[in-house]
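Worksheet: one structure, shown below.
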Amino acid sequence: MTPGRRAGGRNAGRPHGVADGAPAPPSHVAARPAIEEGGAGAFPAVPPGSPYPDAFYDRDPRLVARELLGAVLQCRTADGVASGRIVETEAYLGPHDPACHAVAGRTARTWFLHGAPGVAYVYRIYGMHWCFNAVTLPEGFGSAVLVRALEPIEGVQLMRRRRSVRTGSVPADRDLTNGPGKLAEALGIDGRLDGVRLDGAPNAAGALTLRAGAPIADAAVIVTPRIGITRAAEWPLRYLVAGSAWVSRTPKAFPRTPY
DNA sequence: TCTACGATCCTG
DNA sequence: AGGATCGTAGAC
């Protein structure tokens with residue numbers, strides 16, 4: 001971080017592209033939407049093993065992020081099949097969320113972030129890693145859920161092979177998928193899968209399927225701030241399965257709150 | 001055109 | 001704690 005350089009500028013505290021005079025983003029959001037924000041009522045249960053219907057994703061990304069805990073993400077490519085149970089997610093709320101890529105408007109890069117719900121938004125970060133998101137809310141509104149960690153299920157050998165390419169040695173199993181760049185690499189997710197549907201419909205590079213798993217009780221969900229961001233850094237929008245050995249590291253200073 | 005900066009990972 | 005590594009967006 002570069003607090004010294006950021007602190008004094010005219011647009012200090014604002015995302016790029018948000019001009020002086022624009023409405024300030026809310027100083028705080030809750031980990032789940034209020035009733036008047038659409039937080040009331042449960043989504044009809046999806047049978048474990050079934051892909052989610054599009055309507056599941058056409059909701060507040062906080063709800064989708066929390067409910068995707070326990071879901072199983074599977075990727076099929078020419079190299080094989082790999083999958084894992086989701087144990088960590090983050091919600092990116094939309095153009096009013098300073099940490100969300102939607103702040104820059106709809107561009108070539110963020111095209112599918114702003115697209116229909118139930119589709120993958122896969123973007124490159126730091127010039128070298130890919131991150132996988134499930135797009136939420138309707139066409140034209142840029143919001144999504146970042147998947148940050150998985151418990152490996154299928155294709156562990158394939159994951160070890162893919163992940164060892166970078167370093168030359170096979171990482172411990174817990175290091176295969178405990179971070180957004182790691183799980184993308186382990187599953188074989190890259191930019192060729194940007195925009196693919198999450199119900200298993202394939203494109204030329206492969207297919208992604210997101211299926212319901214055993215539900216995770218509210219009491220087993222922990223909330224913290226999001227990792228690695230500098231704007232809206234305190235918003236409690238990271239969701240973890242309590243006690244899972246497969247989540248990424250939480251910084252010591254981060255508050256952990258119950259869902 | 002030029003430049004700054006990441007929703008990260010790995011090694012020391 | 002610092003380097004790798006490059007596409008994107010905004011500034012000029």
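Fair warning: this is a prediction, and the values are worked out from it, not measured in the lab. First the proteins, then the strands, lettered A, B, ... as listed; each starts at 1.
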Strictly by modelled atom types, are [X] and [Y] linked by a side-chain donor-acceptor pair under 3.5 Å?
X	Y	result
Ser248(A)	Glu88(A)	yes
Thr136(A)	Ser143(A)	yes
Arg162(A)	Thr77(A)	yes

Measure across Ala99(A) and Ile229(A) and return the closest heavy-atom pair with its distance rounded to 0.1 Å.
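What the structure gives for the nearest pair is CB-CD1, 3.8 Å.
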Can you measure [X] atom [atom1] to [N] atom [atom2] for me and round it to whole angstrom units?
X	N	atom1	atom2	value
Arg174(A)	dC9(B)	CZ	C1'	16 Å
His101(A)	dG6(B)	NE2	C1'	7 Å
Arg106(A)	dT8(C)	CZ	P	16 Å
Lys182(A)	dA7(B)	NZ	P	18 Å
Trp130(A)	dT8(C)	CH2	C1'	13 Å
Arg166(A)	dT11(B)	CZ	C1'	13 Å
Ile227(A)	dA7(B)	CD1	C1'	10 Å
Arg249(A)	dC9(B)	CZ	C1'	12 Å

Any idea which of [options] is nearest the [X] side chain?
X	options	result
Arg109(A)	dT8(C), dG10(C), dC9(B)	dT8(C)
Ala104(A)	dA7(B), dT8(C), dG10(C)	dG10(C)
Arg124(A)	dC6(C), dC9(B), dA7(B)	dC6(C)
Leu146(A)	dC9(B), dG10(C), dA7(B)	dA7(B)
Met128(A)	dT11(B), dT8(B), dT5(C)	dT5(C)

Base, sugar-phosphate or nothing for Arg226(A)? Non-hydrogen atoms, less than 4.0 Å.
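No contact.
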Describe the nucleic acid contact of Ile125(A) in one word from base, sugar-phosphate, nothing, applying a heavy-atom distance below 4.0 Å.
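Sugar-phosphate contact only - Ile125(A) comes under 4.0 Å of backbone atoms but never of a base.
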Output yes when a side-chain donor or acceptor of Ser83(A) lies under 3.5 Å from a complementary backbone atom of Gln74(A), and no otherwise.
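It does not hold such a pair.
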Does Tyr126(A) get its side chain close enough to the base of dA4(C), under 3.5 Å, for a donor-acceptor pair?
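Side chain to base: no pair present.
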Is any side-chain N or O of Arg163(A) closer than 4.0 Å to OP1 or OP2 of dC10(B)?
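So the side-chain polar atoms of Arg163(A) do come within 4.0 Å of the phosphate oxygens OP1 or OP2 of dC10(B), strictly under.
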Look at the side-chain N and O atoms of Thr167(A) and state whether any lies under 4.0 Å from the OP1 or OP2 oxygen of dC9(B).
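Indeed not, no polar side-chain atom of Thr167(A) lies that close.
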Base-pairing mate for dT8(C) - Watson-Crick or G-U, with both contacts under 3.5 Å
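Pair assignment: dT8(C) / dA4(B).
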